[in-house]
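The model shown is predicted, which means the values in this text are computed figures rather than measured ones. In what follows, every chain begins at residue 1, and chains take the letters A, B, ... in the order their sequences are listed.
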2 protein chains.
Amino acid sequence: MNLLKGLEKAYYLEAYTIQSLFSFDISPFIQVFQFDKGDFIIQEGTEPEYLFYMVEGKAKLYVTHKNGKVSLINFLTPPIFMGEIELLNEEKYSKSIQTSSKCICLGISIEKCKEKLLADAHFLKYLCIFLSNKSTAHSTKYTKHQAYPLENKLAEFILLSSHQSIYKEKHTEISEYFGVSYRHLLHTFSQLSEAGIIEKIKTGYKVIDKKKLQALADEIK
Amino acid sequence: MNLLKGLEKAYYLEAYTIQSLFSFDISPFIQVFQFDKGDFIIQEGTEPEYLFYMVEGKAKLYVTHKNGKVSLINFLTPPIFMGEIELLNEEKYSKSIQTSSKCICLGISIEKCKEKLLADAHFLKYLCIFLSNKSTAHSTKYTKHQAYPLENKLAEFILLSSHQSIYKEKHTEISEYFGVSYRHLLHTFSQLSEAGIIEKIKTGYKVIDKKKLQALADEIK
DNA sequence: ATAATAATAGGAGATATCTCATGTTTTTGA
DNA sequence: TCAAAAACATGAGATATCTCCTATTATTAT
C-alpha cells in the first residue's frame with residue numbers, strides 16, 4: 001500500500017472529484033491510497049481509520065468463518081464506499097476487503113471528519129441511497145441463492161460475466177462467491193457442458209446454446 | 001386495516017412519539033394505522049404511499065420466487081422502519097410484509113414529506129445507522145446460513161427464541177425463515193431429539209441439554 | 001529458469017436437503 | 001359447532017452438495 005503525494009495525488013483528486021457528495025470542503029481530509037494486487041484494504045478485526053471510496057480497480061469483500069470456510073460476499077467495483085458501516089457504528093471491521101488488481105482509493109479520515117459527515121444532509125442522503133441499494137442487491141442475491149440450485153444461478157452468472165460468449169472467471173473465486181465447494185462448481189460446469197450448453201476451451205468456456213442458458217437463468221425470479 | 005382517529009390516534013402518537021427522529025415538526029404528516037393479524041402492510045408490486053414505523057405488533061418480511069418458493073427474509077419487531085428503501089429510490093415494493101399479530105404503525109405520507117425528509121440531516125443520520133445495522137445483520141445471517149448446516153443454525157435459533165427452556169415457534173414459518181423444506185426442518189428436530197438435546201412436548205420442545213445445544217450453536221462464527 | 005504456489009480437473013463415497021405422498025391433529029371461520 | 005384450512009408428522013426415494021484424495025497445469029516469485 002502506498003500513500004500517494006504530489007502530482008500523483010493531485011491527478012487522482014482531479015480525475016475523481018467527490019466534492020459533489022459533500023456540502024463542505026472535503027479536500028483537507030482526503031488522502032489517496034494505492035493498493036497493489038492482493039493487498040488488504042480492510043482487515044477483519046482491525047480499527048477503522050478511513051472511510052474509503054474506491055475509484056479504480058477491483059476488490060473482493062470476504063468473511064472468514066470459524067469452520068475455516070470463506071464466503072466471498074461480493075465483488076467491489078468503483079465507485080463504491082468501503083467502511084461506511086464502521087463510520088456509522090463504533091465497531092471494528094467485521095469483514096475483509098482484498099484487492100484483485102491495483103486499486104486507487106480516496107480515504108477520508110474518520111477521526112478528523114466523522115462529526116462533519118454525520119451532520120451533512122447532502123452526504124447522508126447519498127449514503128442512505130447507497131446503503132439502501134446495497135441492501136436491496138444483497139437481499140436479492142441471498143434469497144435467490146437460497147431458493148435455487150447452482151445450475152440456475154451459474155447460468156445467470158455466466159450470461160452476466162461472459163464477453164462475446166466467452167466465460168473466463170476463476171473457479172476458485174466463483175465457488176466462494178456462490179458458497180459452494182470447488183468440486184461442486186466443477187461438477188455443475190461439466191453438467192452444462194454435457195448438455196451441450198457450454199463448451200470447454202483453453203481459456204475458459206464458450207457459450208454454445210445461449211437460449212438454453214437463458215432458460216435456466218430465467219427460472220430464477 | 002384501520003386508520004385510527006381521535007382518541008385512539010392521540011394515544012399512540014403520545015405513547016410512541018417519534019418527533020425526536022426529525023428536526024422539523026412531523027406531526028402534520030403522521031397517520032396511525034392499525035393492521036389486523038394476517039393483513040398485508042406492504043404488498044409486492046404496489047406503489048409506496050407511506051413510510052411506516054411499526055410501534056406495536058409483529059410482522060414478517062417475505063419474498064415470493066418464480067418457482068413458488070417463499071422466503072421469509074426476516075421477522076420484524078418494533079421499533080422498525082418499513083418502506084424506507086422505496087422512500088429513497090423511486091421503486092415499487094419488491095417484497096411483502098404481512099402481520100403475524102395486530103400491528104400499530106405510524107405512517108408518514110411520502111408524497112407530502114419526501115423532500116423534507118431527504119433534507120433533514122438528523123433523520124438521515126438515524127436512517128443511515130438503521131440501514132447499516134440492517135445490512136450488517138442481513139449479511140451476517142446469510143453468510144452464516146450458507147456456511148453451516150441447519151443443525152447448527154437451528155441450535156442457535158432455539159437458544160435465542162426459547163423462553164424458560166421452552167421452544168414453541170411454528171414449523172411452517174421457521175422452515176421458510178431458514179429456506180429449507182418443512183420436511184427437513186422436522187428431520188433436524190428429530191435428530192436433536194434423538195441426541196437427547198431437546199424433547200418434544202405438547203406445545204413444542206423443551207431444551208434438555210443446553211450445553212450441547214450451545215456447543216452446536218458455537219460452531220457458527 | 002526454476003522451485004514454490006495457486007488453479008484446474010475429476011473419482012468416489014458421504015451427507016444435507018428436497019420432493020412427493022399420506023395421515024393426523026389443531027386452529028379458524030361461518 | 002362443524003367443516004375447512006392450516007399445521008404437524010413421518011416414510012421413502014431422489015438430488016444437490018460436501019469431503020477427501022490425487023494428478024496435472026498455470027502463475028508467481030526468487
Side-chain angles (χ1 to χ4, degrees), chain A residues 36-39 60 62 65 67-72 98-102 144-155 167-195 198-205 216 219-220, chain B residues 36-39 60 62 65 67-72 98-102 144-155 167-195 198-205 216 219-220:
Chain A
D36 292 324
K37 178 174 177 177
D39 279 358
K60 293 175 287 179
Y62 276 111
H65 300 275
N67 64 4
K69 277 195 190 179
V70 171
S71 295
L72 202 188
Q98 186 177 24
T99 66
S100 39
S101 70
K102 188 184 102 171
K144 272 183 190 177
H145 281 212
Q146 170 171 83
Y148 295 89
L150 182 61
E151 190 174 33
N152 299 107
K153 299 176 293 189
L154 187 56
Y167 170 95
K168 44 167 112 176
E169 303 298 321
K170 271 197 234 163
H171 289 337
T172 41
E173 269 186 21
I174 306 310
S175 67
E176 284 173 353
Y177 177 68
F178 282 116
V180 301
S181 66
Y182 181 90
R183 185 67 192 85
H184 185 53
L185 179 64
L186 261 269
H187 182 66
T188 307
F189 266 106
S190 43
Q191 266 179 238
L192 292 178
S193 296
E194 274 166 35
I198 59 175
E199 191 180 66
K200 178 109 197 55
I201 57 177
K202 268 156 287 172
T203 49
Y205 293 84
L216 281 172
E219 286 175 32
I220 302 182
Chain B
D36 293 324
K37 179 175 179 177
D39 280 358
K60 292 175 288 178
Y62 276 111
H65 300 276
N67 64 5
K69 276 195 190 178
V70 171
S71 295
L72 202 188
Q98 186 177 24
T99 65
S100 38
S101 69
K102 187 184 104 172
K144 272 182 190 177
H145 282 212
Q146 171 172 81
Y148 296 88
L150 182 61
E151 190 174 33
N152 300 106
K153 298 175 294 190
L154 188 56
Y167 170 94
K168 44 167 114 177
E169 303 298 320
K170 271 197 235 167
H171 288 338
T172 41
E173 269 186 20
I174 304 311
S175 67
E176 285 174 353
Y177 177 67
F178 281 115
V180 301
S181 67
Y182 181 91
R183 186 64 192 85
H184 185 55
L185 178 64
L186 262 274
H187 182 66
T188 307
F189 266 107
S190 44
Q191 267 179 237
L192 292 178
S193 296
E194 273 165 35
I198 59 174
E199 190 180 68
K200 178 113 198 52
I201 56 177
K202 268 155 286 171
T203 49
Y205 292 85
L216 281 173
E219 287 176 31
I220 302 184

Item to check | With sequence neighbours excluded, residues passing side-chain contact (heavy atoms from CB on, under 4.5 Å) with B:Gln146 | outcome: A:Ser71, A:Tyr142
Check nucleotides 25-27 of chain C for protein N or O atoms closer than 3.5 Å to its own N or O atoms and list the pairs.
none

Next on the checklist: If the condition is side chain to side chain donor-acceptor pair (under 3.5 Å), which residues does B:Gln98 pass it with, not counting sequence neighbours?
Outcome noted: none
Checklist outcome for this item: To the nearest angstrom, the CG-P distance between B:Leu72 and D:dA7 comes to 12 Å
Item to check | ring pair (Phe, Tyr, Trp, His ring centres under 6.0 Å) partners of A:Tyr205, counting only residues at least two apart | outcome: A:His171, A:Phe189
Next on the checklist: Suppose we screen for salt bridge (Lys or Arg N to Asp or Glu O under 4.0 Å). Which residues come up paired with B:Glu173, at least two apart in sequence or across chains?
Outcome noted: B:Lys60
Checklist entry - Whole Å only: how far is the NZ atom of B:Lys153 from the C1' atom of C:dA16? => result 10 Å
Next on the checklist: Does A:Lys200, at its NZ atom, have more than 12 non-hydrogen atoms belonging to other residues, nucleotides or ligands within less than 6.0 Å?
Outcome noted: yes
Checklist entry - Over how many whole Å does the gap from B:Lys200 atom NZ to D:dA7 atom C1' extend? => result 11 Å
Checklist entry - In chain order, what residues pass the ring pair (Phe, Tyr, Trp, His ring centres under 6.0 Å) check against A:His65, with sequence neighbours excluded? => result B:Tyr148
Item to check | Close side-chain approach of A:Thr188 to A:Val180, heavy-atom, < 4.5 Å | outcome: no
Item to check | Qualifying residues under side chain to side chain donor-acceptor pair (under 3.5 Å), relative to A:Glu199, sequence neighbours excluded | outcome: none
Next on the checklist: At a heavy-atom distance below 4.0 Å, what parts of residues 177-195 of chain B sit against DNA chain D?
Outcome noted: B:Tyr182, B:Arg183, B:Leu186
Checklist entry - B:Lys168 has an atom NZ; how far is it from atom P of D:dC8, in whole Å? => result 13 Å
Next on the checklist: Expressed as a whole number of angstroms, how long is the span from B:His145:NE2 to D:dT17:P?
Outcome noted: 17 Å
Checklist entry - Does the side-chain contact (heavy atoms from CB on, under 4.5 Å) test come out yes or no for A:Leu185 and A:Leu154, once each step is laid out? => result CA-CA 9 Å; A:Leu185 179 64; A:Leu154 187 56; 4.0 Å; yes
Item to check | Whichever of A:Thr172 and A:Gln146 has its nearest DNA chain C nucleotide further upstream toward 5' | outcome: A:Thr172
Checklist entry - Which residue pairs satisfy the side-chain hydrogen bond (donor to acceptor under 3.5 Å, both in side chains) criterion with at least one member in residues 174-186 of chain B, sequence neighbours excluded? => result B:Tyr62-B:Glu176
Checklist outcome for this item: Whole-Å distance, B:Ile174 CD1 to C:dT17 P, equals 16 Å
Checklist entry - OP1 or OP2 of C:dA6 less than 4.0 angstrom from a side-chain nitrogen or oxygen of A:Lys170, does that happen here? => result no
Checklist outcome for this item: Overall bend of the helix from C:dA1-D:dT30 to C:dA30-D:dT1 (five pairs an end, 10° steps) is 70°
Checklist outcome for this item: Given protein heavy atoms under 4.0 Å, the one-letter contact record of nucleotides 25-30 of chain D, with B base, S sugar-phosphate only and - none, is simply ---S--
Next on the checklist: Main chain of B:Lys102, side chain of B:Asp36: is a donor-acceptor contact present, judged purely on distance under 3.5 Å?
Outcome noted: no
Checklist entry - Given atom CG of A:Leu150 and atom P of C:dT17, what is their separation to the nearest angstrom? => result 16 Å
Checklist entry - If you find the nucleotide of DNA chain C closest to A:His171 and the one closest to B:Tyr148, which residue's nucleotide is nearer the 5' end? => result A:His171
Checklist entry - Hey, are the side chains of A:Phe178 and A:Leu150 touching, using non-hydrogen atoms and a 4.5 Å cut-off? => result yes
Item to check | Residue list, salt bridge (Lys or Arg N to Asp or Glu O under 4.0 Å) with B:Lys153, at least two apart or on another chain | outcome: none
Item to check | Non-hydrogen side-chain atoms of A:Ile201 and A:Thr203 separated by less than 4.5 Å | outcome: yes
